[in-house]
Amino acid sequence: MPVEKVNNSSDLDTKVPSCLQLTSIGQLTLTSDPSHRCVKARVLRKGPVISCAQRDGLEMLRAEIREEDPLQSTTEHTSINVIFFDTLAKDFSQSVKQGDIVLLANFTISKSPTFLRDKLHPCQLEMDNKDACVYVCPSAIPGPSSSEAKYVYVPLNKLKSKTLVNVYGVVTFFKQPFPSKGSDYCTTLKITDQSDVKVICTIFCKKLEDHPLIFRVGDIIRLHRFKAEAFRDSITLINTFGWSTVTFNGIIDSPIVPRTSSKSFFYGEADKRRVQELRQWAANQSLCSDLNTSLSSVQPHMYFDFTCQLLAKAVMHSGCILLKVWDGTRCQLPLLQVAVPPDELEGECTLAKDKMNLTANVLVYDNHLEVARDLKPGAFLRFYNLRALLQKVPGQLPDQPEHLGFHLHGGTVYGRGLRSLPAETPDLLSLKSVLEKHVDLDEHEEVNDGTLLEIWYTPPESIVLPNDENPGAEENAGPAYTVQTCEHNTQRITLAQVKRSTPPLSCHVRARVKKYLPQQLYQCLKLFCSKCKTMKDVPDDSAVANIFLESARDNQPCDEQWAATSSANSREPGRTISMHVSKDMVGKSSHMQLIFIEGMTLDEISVLSRDHKNLVPVRSENSKMTRMDLTAPFLFSGKKRYYGCKQCSRNTFENPVFTGVETWDEQAVAAVLGVQMMQYRFLIQFELDDVTDTIEALLWEDAERFFHISAVDASGCQDLQDRIQTIMDTIQPPESSLEERPWMDFCLSVYTVKDNDRNKVCYQITNTEIVKQ
DNA sequence: TTAGGGTTTG
């Protein structure tokens, strides 16, 4: 049956069939017989309808509901997850919103696969049988009821000294309860309201649990029976006999759920209206800035509020407790690792999370030890005014990076402190969402139904996840300008994650090119000796021309027995040009010949090489033929010039043997001349950017595949060099901003090289090709 | 009675 709407909450009760018993969520167990039970609760969270591939596209929706009855608020597990299936999932999605009250009947009870993580309830409800039914009461605020006009609330600018008052306010500052010098714990807070007056309130109370449940600046608090007193030209408020406090989340449109430890308290529709009004007003006052600091955005020396889950704890010494916590985000800086013997650690082993830079180590001191001592692993925590500090690890070398640790120093200045947060509070919705993304990390996770797991990955409908590590997900979702050609079965990660990874590894990233070097692209063509691994720039023409000029000056032709020589005088006096051909090759076509050139300038040999495939420049030394200095090409072949490695080539050649070579190519020429040939390579350094970080990555070994152009071909072809320029102008259009440049998919190889006896992490673009346009 | 905010030992 579809979801049925009723007008108010009490109508829900009339919908309960007489055969069904309204049951408290806290009392539900796996062995409960659900057939005669129904539950009534408020919808705290509603996910989207998703299609489950493993169940033939069956549609499912997950919701979190919480029991409303305040009398039950002290029992455990008042919240529970509900899974709706098929048409009921769609109906629920359309008809029910967060904050509505629902009555659920004819559900089945199963084990919650996420209880270890969310601590909500050991069970979950499944609404998938045809009799399952939902009644909903929308959470619209009804009109005032005369019976509720019981309390009068005084605006904060109308407080008079020595009067007993009730007030509402938005919390602008607060301290966790601390021991006073008298007999009580003391809570101090400051509140404001639409009058814009700020008032300090003090609450003395022996029992910690009776102090107000304030979770963050921006919370709304109602104070009953407080005394207004003048102090230093201001009015302050202090609790008196019969006092009570109720607090509410200050987030607009979040469910209005009262927090209090009072056993009975009045709370009606007028209170809801007052909370709504204050939420709306506070939202325009910028009272709650900087509340969502996550581990991924923490910077050294910051003071910040931090919401997280406790993974493990250890007593370091009598004055210090270590709390190992996480919030599901990865820190940008290496996190401090604190060594604790396993038997002294209470809670789970955090090794996997440590490796991923997910675990923050918080050292708690002094007055905060009392709270820390009672915390249990799995608890959700909020630290207030926590300090982030860069610390050296014992034995660390001076130039190694420092690690980020966290200290909760003594005292309560700026509200410094910590508290545990109830698992069901809406304040934790976004944290839980982020933690659920890491379900694969939990070695102890019990998942009894793999198909159900899919739904736990779905984000909530209306929660914006802080610091989502998938930057620009919408903008960069389109086809990229490059494609990966490898077979790595790896998910794309961010550059920030790449930087935190441990080499060696291959990974996939999507990024834009922020900058590349060399900007003069002809300089990206390099000469590389595969034997000694030397790399050098291609010599420029003026340097080569000088070598030819020097060699040609006063040159006397050499005289070799194996060669047929012809000489001619140049137009310049004293310079003779000679050409030598092995006597074996005389008569063969010029393309088959190896011609040794002596006394020519670079310009002359360049012109001659247009018509001759293999021209070897030589010079004469004591009438013997010898090679030119290897700064110059040892071979001209068409428009290509080939260079030899000075270090790895033989000093010269004597009596070369030309027989047995059918076709003279650069390899054969190099072999006969004793030259270790240098290869042409491309080398470009890219600075990649993906919002999360930047990385300098080389394009080197796979550069020819990247451009679909051979380096040696490009060396002699202006068209190919122009094509590279065109590609680079597409990747990084001239005068473009970073945002205007195309996203590109890269396969990155992360590796280390020795640099002055230190390991340096390098990044190289591999297995990546420009998509052919 | 007590507190009445305003950054640090580790």
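Numbered from 1 within each chain, the chains take letters A, B, ... in sequence-line order.
- Proximity of Lys206(A) to the phosphate of dT2(B): no side-chain N or O atom is located under 4.0 Å from OP1 or OP2.
- For Ser183(A) and dT2(B), a side-chain-to-base donor-acceptor distance below 3.5 Å is absent, hydrogens and geometry of angles not being considered.
- Ring-centre distance between Phe178(A) and His368(A): not below the 6.0 Å cut-off.
- Residue Lys175(A) places none of its side-chain N or O atoms closer than 4.0 Å to OP1 or OP2 of dA3(B).
- Between the side chain of His409(A) and the base of dG10(B) there is at least one donor-acceptor pair of N/O atoms closer than 3.5 Å.
- Base contact: Gly410(A) has a heavy atom under 4.0 Å from a base atom.
- Electrostatic pairing of Lys227(A) and Glu229(A) counts as a salt bridge here, judged by a charged N lying under 4.0 Å from a carboxylate O.
- Counting only heavy atoms from C-beta on, Asp366(A) has its side chain closest to dG10(B) among dG10(B), dT1(B), dT8(B).
- Ile238(A) pairs in a side-chain contact (heavy atoms from CB on, under 4.5 Å) with only one of the listed residues (Trp243(A), Phe204(A), Phe226(A)), which is Phe204(A).
- Rounded to whole angstrom, the span from the CG atom of Leu363(A) across to the P atom of dT8(B) amounts to 18 Å.
- Between the side chain of Thr236(A) and the base of dG4(B) there is at least one donor-acceptor pair of N/O atoms closer than 3.5 Å.
- Of the listed nucleotides (dT2(B), dG4(B), dG10(B)), dG4(B) has the atom at the smallest distance from the side chain of Phe178(A).
- In summary, the side chains of Asp184(A) and Ser180(A) do not present any donor paired with an acceptor at a separation below 3.5 Å, with no hydrogens or angles considered.
- For dT1(B), the base is not stacked against the aromatic ring of Phe204(A), per a cut-off of 5.5 Å between centres and 30° between planes.
- With dG4(B), dT7(B), dT2(B) as the choices, the nucleotide that has an atom nearest any side-chain atom of Val413(A) turns out to be dT7(B).
- Residues from residues 186-196 of chain A with heavy atoms under 4.0 angstrom of DNA chain B, sorted by number: Cys186(A), Thr188(A), Lys190(A).
- For the pair Tyr303(A) and dT7(B), the ring geometry qualifies as stacking, because the centroid separation is below 5.5 Å while the planes lie within an angle under 30°.
- Taking atom P on both dT8(B) and dG4(B), the two are 16 Å apart, rounded to the nearest angstrom.
- Between Asp693(A) and Arg500(A) there is no salt bridge, since none of the side-chain N atoms of the basic residue sits less than 4.0 Å from a carboxylate O of the acidic one.
- With distances taken from any side-chain atom of Arg416(A) to the nucleotides dT7(B), dT2(B), dA3(B), the minimum falls on dT7(B).
- The CG-P distance, from Asn367(A) to dT9(B), rounds to 11 Å in whole Å.
- Rounded to an integer number of Å, the gap from OH of Tyr414(A) to P of dG5(B) is 12 Å.
- Rounded to a whole Å, the CG atom of Leu386(A) is 15 Å from the P atom of dG10(B).
- Toward the 5′ end of DNA chain B lies the nearest nucleotide of Pro179(A), the other residue of the pair Pro179(A) and Gly319(A) mapping further downstream.
- Distance Phe173(A) CZ to dA3(B) P: 15 Å, rounded to the nearest Å.
- In this entry the distance linking NE2 of His211(A) with C1' of dA3(B) reads 12 Å, nearest Å.
- Using a distance-only test at 3.5 Å, with no hydrogens or angles considered, no donor-acceptor pair links the side chain of Thr425(A) to the main chain of Leu428(A).
- Whole-Å rounding puts the His368(A) NE2 to dT7(B) P distance at 15 Å.
- Base orientation of dG6(B): syn, the glycosidic angle falling within 90° of 0.
- With 3.5 Å as the limit, one finds no donor-acceptor pair spanning the side chains of Arg330(A) and Ser296(A).
- Asp305(A) places its CG atom 13 Å from the C1' atom of dT7(B), with the value rounded to the nearest Å.
- Taking the charged nitrogens against the carboxylate oxygens, Asp305(A) and Arg216(A) have no contact shorter than 4.0 Å, which rules out a salt bridge.
- Each of dT8(B), dT1(B), dA3(B) was ranked by its minimum atom distance to the side chain of Lys181(A); first place goes to dA3(B).
- A donor-acceptor contact under 3.5 angstrom links the side chains of Ser254(A) and Arg279(A), judged on distance only.
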